[in-house]
Amino acid sequence: MNRPDPSRSDSSAGTPKSGGASKAPAVDFIRAIINEDLAAGRHKTVATRFPPEPNGYLHIGHAKSICLNFGIAEEYGGTCNLRFDDTNPVKEEQEYVDSIQRDVRWLSFDWDDRLYYASDYFDQLYEFAERLIQDGKAYVDSLTADEIREHRGTLTEPGRESPFRNRPAAESLDLFRRMRAGEFPDGTHVLRAKIDMNSPNILMRDPTLYRIRHASHHRTGDQWCIYPMYDFTHCLSDALEHITHSICTLEFENNRPLYDWVLDHLPVPSRPHQYEFARLNLTYTVMSKRKLLELVKERRVNGWDDPRMPTLAGLRRRGYSREAIRSFCDRIGVAKTESTVDLALLEFCVREDLNKRAPRVMGVLRPLRIVIENYPVDRIEEVEAINNPEEPEAGTRKVPFSRVLYLERDDFREDPPKKFYRLAPGREVRLRYAYFITCTGIVKDEQGEVTELRCTYDPATRGGDAPDGRKVKSTIHWVSAAHALPAEIRLYDRLFNHPNPAGGKEGDWKDHLNPDSLEVIPQAWVEPSLRTARAGAIFQFERLGYFCVDPDSRLRALVFNRTATLRDTWAKIEQRQ
RNA sequence: UGGGGUAUCGUCUAACGGUAGGACAGCGGACUCUGGAUCCGCUGGUCUAGGUUCAAGUCCUAGUACCCCAGCCA
């Protein structure tokens, strides 16, 4: 047996040289267990699985689980299966199956030919159920759902046995077969494990194994009218797939005794074990599929892939890279402590990645027209701009410059506050890659609103440096009015204005929805090199942030999503003032 | 009030019983044709109370707080 080297991480194809490549990674408790199992010879290889229910889109919390399960498989030279846990036909849909595969692939994980469905095992599961009945370990209960609940007891009181608990195995078997045959309507019978109605663990008080559901399944159609429950299905699916380490989230800890019970009472081909870690929570968002579904259904957002959503589809559309998300998952760690990660860490990860790769361009979100009075009316120059200072090989491009430009309104103050270094009356600044200009006049409308600036430029500063060595305090971005392309820009902010929207005892979590989470700028101006930018392309608009081309974008109707702002020191200073 | 879990800087997360470390956030500085990036520095933590020990985040005892479980959901 060759011991794997867990430090040999980040072997993932298509993953860039990760940010902190040098550190010896601390081994989390799950990898520690795996190391022990391997060292003790309990397993020769590692087999994990990612088992989503296709009842919604994957979110960043799932990414944590995906990175854990597929990551472990990669590191240990094992395998990770993709398995759909599709045992509840009324909630599951093919659309979700498709989106889940798309998202896992997008993260660049690969299940090879190991794409499985719990519904693939319905026949075997049924056989296992009959076996349990024959062994006197399961029985058909004919109580109603309400009666079963009453018999279950409470947290502090034991349950009571169903009157049907001790009916002969043969009778249960006959009933179970007729359940399968479709003789009974929904809710009339269930199959229950015969465990212990006095167990302090409520899950062990004769849990339901099968229920009748006359519903069409997205894969098996109308082949079945009884469907196995999670607790029966999951452990057996793991065993059938020879999973060694079945990793799930903390809320399933109570289910582990049941997981073990089922496997201990059936002739399974392998004996997997379940381990639980803390699911990811993020500030300023919600992470339950139920709540996300609600946002979609109530149209609080524009679909599962709305860029404000914490779904992988939403983050992708927002402009987040897979590298950023994987780096985030690496950084948050894996432990059993309930935790809520600061959204700022996710933002840090996306900036870190995009800074290295995003081509720089100039765009003006809120334009202020300026006229350079001493610049010839008909002259057009091209200035050379660096595509990416982090990556010299990315080269340069030409950007047209002329007498009339747009500047960012924010970059001018008629009455500049302290520490404001940008343009103001009489002040000289540098136009990025072009010239020094000085503001010589202001044009206002009847309301007193500044509508235009009059400036002069210094021809000797072409390229951005003054031969006399004089300095300016600030460099600002611009576009040439005659050459700029109009673009719609969608500015996104956090979806909720409360760090823990779902955590409040009182009030509805939706009351914390941020009314300003989306601001649309219908007409901003961007430099002409963006004319052919394709959907998904990511740019840094210098001094503003990272923006990505939305799928809604058309050749003459560009649409950009703001992925993240740049760190903004001035905004911080201004806020303090 | 039964059972199962978890407690380390503001937030995540490390630490054979032997100097409580890292990351993000925050603060300060250097540098800069992006108030970006980069670099440097600082702040800040072992849930509480006892006990064992030369030595306790770690072991013991007793508390406290928070999370999960009473679906024919997963």
Side-chain angles (χ1 to χ4, degrees), chain A residues 19-20 23 26-28 51-53 55 85 87-88 90-92 141 143-145 148-150 152-159 186-192 199-205 207-213 226-227 229-231 233-234 248-257 276 278 280 283 289-290 331-349 351-352 355-356 360 362 386 389-390 419-422 430-434 436 463-465 471-477 499 540-545 565-574:
Chain A
K23 265 150 228 145
V27 172
D28 59 67
E53 182 189 14
N55 67 344
D85 219 333
T87 58
N88 186 359
V90 302
K91 287 190 176 173
E92 296 152 7
D141 195 351
L143 254 25
T144 66
I148 288 180
R149 189 180 322 115
E150 285 165 27
R152 190 154 28 229
T154 68
L155 294 179
T156 51
E157 303 155 23
D186 289 7
T188 49
H189 306 278
V190 291
L191 184 71
R192 290 231 256 168
S199 173
N201 181 348
I202 292 177
L203 279 162
M204 297 298 273
R205 320 238 261 231
T208 303
L209 266 22
Y210 267 89
R211 77 286 212 189
I212 301 172
R213 275 258 206 293
I226 58 172
Y227 291 92
M229 299 285 289
Y230 166 84
D231 286 303
T233 307
H234 203 96
C248 63
T249 45
L250 250 31
E251 67 270 25
F252 291 99
E253 260 173 332
N254 296 319
N255 300 58
R256 194 184 341 128
E276 310 86 11
L280 171 67
T283 55
K289 279 200 274 187
R290 200 207 95 228
R331 284 167 182 273
I332 58 178
V334 177
K336 296 199 72 160
T337 321
E338 287 264 7
S339 61
T340 301
V341 175
D342 194 336
L343 183 61
L345 181 61
L346 218 209
E347 289 175 344
F348 168 84
C349 290
R351 288 190 186 111
E352 177 187 56
N355 173 54
K356 289 181 300 193
R360 272 58 169 173
M362 289 193 285
I386 295 166
E390 304 292 321
K419 300 255 187 87
F420 183 88
Y421 300 148
R422 282 111 93 148
R430 173 167 39 231
L431 295 178
R432 180 86 159 148
Y433 298 124
F436 285 12
D465 287 303
K471 303 287 184 198
V472 288
K473 290 279 262 189
S474 150
T475 300
I476 63 180
H477 61 277
Q540 184 195 99
F541 287 11
E542 293 215 30
R543 303 208 306 130
L544 296 176
T565 60
L566 255 27
R567 267 187 62 222
D568 191 345
T569 315
W570 163 244
K572 224 175 264 174
I573 294 168
E574 195 181 27

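Every chain is numbered from 1, with letters handed out A, B, ... down the list of sequences.
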Can you tell me, in whole Å, how much space there is between the [atom1] of [N] and that of [M]?
N	M	atom1	answer
B:rU11	B:rC47	P	13 Å
B:rA70	B:rU1	C1'	14 Å
B:rU46	B:rA65	C1'	16 Å
B:rG57	B:rG4	P	28 Å
B:rC9	B:rG45	P	9 Å
B:rC59	B:rG26	C1'	37 Å
B:rC66	B:rA23	C1'	25 Å
B:rG18	B:rG50	P	23 Å

Under 5.5 Å centre to centre and under 30° between planes: does that hold for A:W570 and the six-membered base ring of B:rG35?
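It does: the two rings, one from A:W570 and one from B:rG35, meet the stacking criterion.
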Using a 4.0 Å heavy-atom cut-off, does [X] contact any base of the nucleic acid, only the sugar-phosphate backbone, or nothing at all?
X	result
A:E276	nothing
A:D186	nothing
A:P389	base
A:N55	nothing
A:R152	sugar-phosphate
A:E542	base
A:Y433	base
A:R567	sugar-phosphate
A:K473	nothing
A:S474	nothing
A:L143	base
A:Y227	nothing
A:A335	sugar-phosphate
A:L155	base

Could you tell me whether the side chain of [X] has a donor or acceptor atom within less than 3.5 Å of a complementary atom in the base of [N]?
X	N	result
A:R256	B:rG4	no
A:E390	B:rU38	no
A:R360	B:rU34	yes
A:D342	B:rC24	no
A:D568	B:rG36	no

5' precedence on RNA chain B between A:K471 and A:G333 (nearest-nucleotide basis)
A:G333
Which residue, A:I573 or A:G153, contacts RNA chain B at a nucleotide closer to its 5' end, judged by nearest heavy atom?
A:I573
Report the nucleotide, chosen from [options], that has the shortest atom-to-atom distance to any side-chain atom of [X].
X	options	result
A:D85	B:rA74, B:rG35, B:rC27	B:rA74
A:A344	B:rC24, B:rG36, B:rC12	B:rC24
A:V190	B:rG3, B:rC24, B:rC72	B:rC72
A:T156	B:rC72, B:rC24, B:rU1	B:rU1
A:F252	B:rA23, B:rA74, B:rC72	B:rA74
A:I202	B:rG35, B:rU13, B:rA70	B:rA70
A:E53	B:rG36, B:rC73, B:rC72	B:rC73

Can you see if the side chain of [X] gets near the phosphate of [N] - specifically, an N or O under 4.0 Å from OP1 or OP2?
X	N	value
A:T337	B:rA7	yes
A:T144	B:rC72	no
A:R149	B:rG71	yes
A:R192	B:rC72	no
A:K572	B:rG26	yes
A:T569	B:rG36	yes
A:R205	B:rA70	no
A:S339	B:rU13	yes
A:R211	B:rA74	yes
A:R213	B:rC72	no

Given side chains that start at C-beta, do those of [X] and [Y] come closer than 4.5 Å, heavy atoms only?
X	Y	result
A:Y230	A:D85	yes
A:P51	A:H234	yes
A:I202	A:L155	yes
A:Y227	A:R211	yes
A:L566	A:Q540	yes
A:T188	A:D186	no

Evaluate the ring-ring contact (aromatic ring centres under 6.0 Å, His included) criterion for residues A:F420 and A:W570: first the C-alpha distance (whole Å), next the side-chain angles of each, then the deciding distance (0.1 Å), finally the verdict.
CA-CA 8 Å; A:F420 183 88; A:W570 163 244; 5.5 Å; yes
Strand partner of [N], provided both Watson-Crick or wobble distances fall under 3.5 Å:
N	answer
B:rU1	none
B:rA65	B:rU6
B:rU11	B:rA23
B:rC39	B:rG29

What form does the base of B:rG71 take, syn (within 90° of 0) or anti?
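It is syn.
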Could you pull out all residues at least two apart from A:N201 that satisfy side chain to side chain donor-acceptor pair (under 3.5 Å)?
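In terms of side chain to side chain donor-acceptor pair (under 3.5 Å), with neighbours along the sequence ignored, A:N201 is linked to no residue.
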With A:D141, the salt bridge (charged side-chain N to carboxylate O under 4.0 Å, His left out) member among A:R205, A:R192, A:R152:
A:R192
What distance separates A:N255 CG from A:D231 CG, expressed to the nearest 0.5 Å?
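Rounded to the nearest 0.5 Å, the CG-CG separation comes out at 4.5 Å.
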Separation of A:E338 atom CD from B:rU8 atom P, in whole Å?
12 Å
